[in-house]
Amino acid sequence: MSTSKNKLDTELVRELAEILSDANLGELEVEHEGLRVRVSKPAAPAVPSVAAMPAPAQNAAPPPAAAVSPDENRTGETPAPDETNAVQSPMVGTVYLSPEPGAKVFVHEGDKVKKGDTLMLVEAMKTFNPVESPRDGTVTRILVSDAQPVEYGEPLVIVS
Amino acid sequence: MSTSKNKLDTELVRELAEILSDANLGELEVEHEGLRVRVSKPAAPAVPSVAAMPAPAQNAAPPPAAAVSPDENRTGETPAPDETNAVQSPMVGTVYLSPEPGAKVFVHEGDKVKKGDTLMLVEAMKTFNPVESPRDGTVTRILVSDAQPVEYGEPLVIVS
Amino acid sequence: MIEKVLIANRGEIALRIHRACKEMGIATVAVHSEADRYAMAVRLADESVCIGPPPSAQSYLKKSQIIAAAEITGADAIHPGYGFLSENAQFAEMVGAHGLVFIGPKPEHIRIMGDKIAAKQAMIDAGVPVVPGSDGGVETVSAAKKAAKKIGYPVLIKAAAGGGGRGMKVARTDKELENAVRTAKTEAKAAFGDDAVYIEKYLERPRHIEIQVISDAHGNVCHLWERDCSIQRRHQKVFEEAPSPALNQAQRDDIGMIVARAVEKMGYLGAGTMEFLYEDGQFYFIEMNTRLQVEHPVTEMITGIDIVREQIRIADGAKLSFSQDEVMLVGHAIECRINAENPRSFVPSPGMITDFHPPGGPDVRLDSAAYAGYRIPPHYDSLIGKLIVHGRTRNECVMRLRRALQEMVVGGVETTLDLHRDLLEQKDIIDGDYDIHWLERFLADD
Amino acid sequence: MIEKVLIANRGEIALRIHRACKEMGIATVAVHSEADRYAMAVRLADESVCIGPPPSAQSYLKKSQIIAAAEITGADAIHPGYGFLSENAQFAEMVGAHGLVFIGPKPEHIRIMGDKIAAKQAMIDAGVPVVPGSDGGVETVSAAKKAAKKIGYPVLIKAAAGGGGRGMKVARTDKELENAVRTAKTEAKAAFGDDAVYIEKYLERPRHIEIQVISDAHGNVCHLWERDCSIQRRHQKVFEEAPSPALNQAQRDDIGMIVARAVEKMGYLGAGTMEFLYEDGQFYFIEMNTRLQVEHPVTEMITGIDIVREQIRIADGAKLSFSQDEVMLVGHAIECRINAENPRSFVPSPGMITDFHPPGGPDVRLDSAAYAGYRIPPHYDSLIGKLIVHGRTRNECVMRLRRALQEMVVGGVETTLDLHRDLLEQKDIIDGDYDIHWLERFLADD
């Protein structure tokens with residue numbers, strides 16, 4: 001894992017991703033001198049791969065508590081919000097909406113925030129990690145509740 | 001990890017993406033002197049059932065003599081004739097084109113025949129069963145050779 | 001020396017036989033109806049021959065076509081599987097008359113065991129316990145009443161030529177008996193062309209326990225323990241296990257040796273199964289199946305013996321590859337029959353299997369000819385697979401079976417997988433506490 | 001009492017652990033990277049937690065994220081599988097420090113065995129035969145020459161911190177040794193940040209034979225016989241079998257007892273494997289893997305023991321469920337590793353598996369997390385399944401494996417199935433006559 005590679009690769013990857021997007025491709029793979037890069041679009045929600053993908057847990061009848069992770073259940077209850085401007089959890093942990101129990105929450109829906117403002121905390125292994133706003137904007141939706149466990153990449157809040 | 005790669009690849013990739021689009025292809029892969037590029041369109045929503053049918057025998061590599069029945073091999077050698085007017089074997093057995101060894105064949109290609117005329121015999125378990133023409137017509141094609149084993153429903157001769 | 005076997009069957013058992021042959025270096029010929037052109041055994045076999053249109057009577061039951069197929073392919077033996085021609089003595093004779101080896105018992109034993117009255121008499125002669133009943137057929141209603149008085153009600157009226165539960169009636173009084181005998185005779189005549197019926201004691205809550213036996217042409221006979229097949233619906237087995245949760249090792253040894261001795265006395269050749277009802281510590285012979293059984297894999301999993309392989313070896317004149325002392329009994333095995341049927345109404349569900357994902361991992365076996373993209377034809381029975389699971393203990397086996405059932409996916413058709421998932425949650429099943437009526441009661445209550 | 005296990009791994013071994021848990025009534029938590037959202041273990045687990053982006057360093061190797069996942073799901077134990085964090089002593093310690101059970105050995109044993117020089121010394125102390133070599137590291141070229149003179153050429157130069165064959169050089173003369181030591185030190189420094197190297201006797205045509213051991217916290221230790229893993233390519237095992245065709249029962253008993261006694265002396269806990277080179281009747285310790293091995297199923301198939309189940313029981317404080325006398329050795333088992341790779345160039349072939357049809361029938365096991373429609377991510381190793389077959393004899397096993405390989409279909413990606421089909425036709429494989437260089441020679445000749 002040489003670090004020099006990382007820098008130079010990401011440039012290439014960015015460029016390939018642009019091409020993918022521009023040319024409206026599904027997948028793109030380049031291999032050259034020991035380096036291989038593949039970029040692909042997420043499978044569109046319409047296509048046959050869904051049908052072809054058996055869902056053992058759902059089909060299999062009485063599995064205890066169904067093989068769906070808790071958070072998937074949760075978001076399943078309400079119509080999925082537009083997550084394009086969502087701030088995602090940078091880590092696995094427990095999310096807190098206020099600095100300490102009983103204190104005021106960092107932000108409410110409708111609040112204006114600046115880039116770098118703390119939106120919430122994620123606690124993992126006894127350390128509290130601030131989740132900062134990536135941009136100036138308005139908090140249009142808070143997607144999690146206080147003290148809820150979150151996984152990596154889980155949308156927490158929408159700032160648009 | 002040469003840096004030259006960055007410049008060189010993306011140009012080529014763009015060009016390949018264009019070709020893919022222009023030619024309305026699904027996927028395109030190029031390999032040349034250590035460089036491999038693959039570009040593909042997002043999976044189209046049309047195909048599933050055909051692709052979903054695995055062909056164990058054909059894929060499975062070295063099965064002795066391949067899992068294809070002899071007659072399938074045979075018809076595979078020549079372009080399949082139009083079998084709409086084919087007379088099929090009524091049973092499993094051995095087909096004979098003449099009443100006895102050395103005798104003249106019942107019919108030649110091009111012969112005119114009447115409904116009920118004997119076209120060939122199928123022998124099974126020491127009994128000889130005549131195959132009769134189902135209609136008046138012309139023998140346009142004989143699909144089997146003398147003393148060949150045939151299965152049920154195998155096309156023997158075309159009378160049109 | 002058998003070098004090419006024609007498999008005169010279809011579905012999972014055709015594939016099972018193909019597998020045994022390939023593992024012995026023997027070439028295979030799959031015969032098939034027009035409806036089975038894309039069957040797994042046909043695709044995998046070295047050669048295949050279409051023998052007729054979809055109806056069984058014109059294909060899988062067509063003796064002449066099957067023998068002709070053996071002739072044109074140069075097969076030297078025929079394995080009949082189960083069902084179809086497997087217990088047809090005339091077919092076994094024809095196979096022999098054409099210089100081919102029939103992989104199964106001698107025609108005379110098929111014939112005796114095909115006649116329930118003769119079979120019962122043969123068992124009495126061989127010292128096998130039978131259900132108390134009329135000594136031979138009952139011709140008239142009054143003869144039936146006399147026999148019933150001797151046996152004691154309730155009694156069962158059975159067609160001598162019957163099988164699979166067809167033509168069976170229960171009577172608890174003289175009056176019920178009158179109707180039952182008349183109806184049974186009429187039905188037997190219509191179904192089998194033979195109106196002979198006989199009477200037996202009707203057991204209230206018996207288990208169905210069967211003993212697997214196998215013998216070679218050199219006088220060696222072994223029993224391979226029992227299978228408990230009490231979980232049945234309309235006399236069709238649904239769920240089978242070995243060993244039976246109801247027997248202890250002494251009972252198992254006893255009945256096994258009784259059966260082995262009887263089979264030895266008969267001079268029976270090959271694999272066979274003696275079926276018993278078991279109630280209150282007593283065994284009652286009901287019939288002998290002179291063929292491979294659907295549920296043979298549960299025995300294979302506890303003994304490590306490949307029964308189909310042994311059948312072929314025996315037909316080829318070889319000795320059994322083990323002695324009675326070497327027959328192991330390791331752990332516990334359960335089989336679930338997976339049918340393409342609605343899991344409650346049992347209405348068949350033929351059609352295209354769109355997804356097929358078998359369970360894997362330790363001690364899980366799937367015998368199935370299904371695959372993703374396979375179209376189940378509507379012409380035959382609805383068995384699409386058998387899931388067989390082994391564990392070191394019955395509890396381990398049950399737990400493993402549960403997780404295997406949860407992994408398995410069959411898409412596009414309805415299957416009885418859900419019934420089995422339900423069964424594995426029932427206390428009686430978990431405890432092994434059931435009789436042959438348990439499943440019907442469970443389904444009625446539900 | 002362990003009630004919920006977090007599986008800190010991916011692919012087939014994550015599924016393997018999930019299966020063992022479900023069969024014990026234990027709930028499962030699958031952690032996964034963003035690339036593994038649709039992985040089979042994730043779909044089947046009771047709960048799942050995404051722990052990071054696709055690169056292993058940011059997900060499966062991220063200790064804090066895995067422990068956080070255990071905390072938010074309330075898991076009480078972590079099974080590390082193989083690879084990733086399975087032999088990371090620091091992780092094992094962290095798991096314990098957070099009040100969770102690490103399903104694996106004690107950190108100190110992971111640590112000792114992770115250092116090749118310390119491991120070898122520990123084995124010498126415990127009476128295990130080792131490869132003759134330098135007693136500890138060689139600092140200089142002249143020290144290396146002195147050691148090589150004592151051992152006798154050819155010799156092997158190895159990185160103390162190495163593994164998987166990286167940083168190994170052969171030298172047959174003093175001159176070769178000079179270069180080899182210098183290169184090895186440079187490479188070791190670059191690869192492992194530690195330039196310590198040591199010297200061992202180089203065996204010309206050894207077999208790789210490893211002994212599976214397992215011990216509980218109550219002083220009970222059993223060995224579960226050996227596995228022969230000589231068929232390797234670039235030090236990666238390809239095909240494994242048990243028992244080894246090269247050993248007789250006396251040799252098997254001897255080495256098994258030597259290993260069991262050494263493990264007992266160490267106070268080692270859980271499952272582990274001692275790897276040996278074997279040549280001319282002599283065993284030479286090479287390393288001990290302090291974790292579950294990829295090839296553990298071959299041992300499971302000949303012993304009937306579920307090793308993962310035992311690991312969990314041991315971590316939970318239970319006693320081994322068997323004694324050494326009860327460890328069976330029934331028949332023979334072979335495992336084929338099926339990789340998504342070109343079967344000759346071994347170039348990985350990630351992508352969508354369009355068709356997936358596993359083989360079935362008796363004594364065939366498939367451990368695979370693949371399914372039709374699954375997209376193999378390009379970020380991880382290319383193992384997509386392990387086909388393990390058992391037979392009463394080695395010949396039966398080979399024949400069964402052949403037919404199973406012929407049945408199996410994986411469409412959409414290239415796989416090494418064809419390599420295994422080829423191997424099973426080679427006389428040396430059929431005869432069991434091979435050493436650790438056999439496969440490389442075979443591939444070079446081809």
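A note on names: the letters A, B, ... follow the listed sequences, proteins ahead of strands, and every chain is numbered from 1. From a predicted model like this one, the values you see are computed outputs, not experimental measurements.
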Quick check - list every chain C-chain D donor-acceptor pair under 3.5 angstrom, one line each.
residue: C/R19; atom: NE; partner: D/E407; partner atom: OE1; Å: 3.2
residue: C/R19; atom: NE; partner: D/E407; partner atom: OE2; Å: 2.7
residue: C/R19; atom: NH2; partner: D/E407; partner atom: OE1; Å: 2.7
residue: C/E23; atom: OE1; partner: D/R400; partner atom: NE; Å: 2.8
residue: C/E23; atom: OE1; partner: D/R400; partner atom: NH2; Å: 2.9
residue: C/E23; atom: OE2; partner: D/R400; partner atom: NE; Å: 3.2
residue: C/E23; atom: OE2; partner: D/R403; partner atom: NE; Å: 2.6
residue: C/E23; atom: OE2; partner: D/R403; partner atom: NH2; Å: 3.2
residue: C/D306; atom: OD2; partner: D/R400; partner atom: NH2; Å: 3.3
residue: C/S321; atom: OG; partner: D/R392; partner atom: NH1; Å: 3.2
residue: C/S321; atom: OG; partner: D/R392; partner atom: NH2; Å: 3.3
residue: C/G361; atom: N; partner: D/L366; partner atom: O; Å: 3.0
residue: C/L366; atom: O; partner: D/G361; partner atom: N; Å: 3.0
residue: C/R392; atom: NH1; partner: D/S321; partner atom: OG; Å: 3.2
residue: C/R392; atom: NH2; partner: D/S321; partner atom: OG; Å: 3.3
residue: C/R400; atom: NE; partner: D/E23; partner atom: OE1; Å: 2.8
residue: C/R400; atom: NE; partner: D/E23; partner atom: OE2; Å: 3.2
residue: C/R400; atom: NH2; partner: D/E23; partner atom: OE1; Å: 2.9
residue: C/R400; atom: NH2; partner: D/D306; partner atom: OD2; Å: 3.3
residue: C/R403; atom: NE; partner: D/E23; partner atom: OE2; Å: 2.5
residue: C/R403; atom: NH2; partner: D/E23; partner atom: OE2; Å: 3.2
residue: C/E407; atom: OE1; partner: D/R19; partner atom: NE; Å: 3.2
residue: C/E407; atom: OE1; partner: D/R19; partner atom: NH2; Å: 2.7
residue: C/E407; atom: OE2; partner: D/R19; partner atom: NE; Å: 2.7

> Can you check whether D/L405 reaches D/L417 side chain to side chain, under 4.5 Å on heavy atoms?
Replying inline: yes

> Should D/L366 and D/M408 be marked as a side-chain contact (heavy atoms from CB on, under 4.5 Å) after you check the CA-CA gap, both sets of side-chain angles, and the distance that decides it?
Replying inline: CA-CA 10 Å; D/L366 188 76; D/M408 186 161 181; 3.9 Å; yes

> Can D/V364 and D/L387 be said to form a side-chain contact (heavy atoms from CB on, under 4.5 Å), step by step?
Replying inline: CA-CA 7 Å; D/V364 171; D/L387 174 62; 3.8 Å; yes

> Which bit of D/V330 is near chain C, if near means a heavy-atom gap under 4.5 Å: side chain, backbone, both or neither?
Replying inline: side chain

> So what's closer than 4.5 Å to chain D heavy atoms on C/A369: side chain, backbone, both or neither?
Replying inline: neither

>> With chain C as the partner, which of D/G360, D/G391, D/A20 has the greatest number of non-hydrogen pairs under 4.5 Å?
In response: D/G360

> Of the backbone (N, CA, C, O) and the side chain (C-beta and beyond), which part of C/V398 lies under 4.5 Å from a heavy atom of chain D, both, or neither?
Replying inline: neither

> Do the non-hydrogen side-chain atoms of D/I307 and D/L224 ever get within less than 4.5 Å of each other?
Replying inline: yes

>> Just so I know, are the side chains of D/V298 and D/I334 near enough to count as touching, which here means a heavy-atom distance under 4.5 Å?
In response: no

> Which region of C/P362, side chain (C-beta onward) or backbone (N, CA, C, O), has a non-hydrogen atom less than 4.5 Å from a non-hydrogen atom of chain D, or is it both or neither?
Replying inline: both

> When rounded to the nearest 0.5 angstrom, what distance separates CD1 in C/I2 from CD1 in C/I312?
Replying inline: 7.0 Å

> How far does CD1 of C/I214 sit from CD1 of C/I305, to the nearest 0.5 angstrom?
Replying inline: 7.5 Å

> Out of curiosity, C/I384 CD1 to C/I376 CD1, how far, rounded to the nearest 0.5 Å?
Replying inline: 4.5 Å

> chain D heavy atoms under 4.5 Å from C/M328: which part of the residue, side chain, backbone, both or neither?
Replying inline: side chain

>> Can you tell me how far apart CD1 (C/I338) and CG (C/L383) are? Round to the nearest 0.5 Å.
In response: 8.5 Å

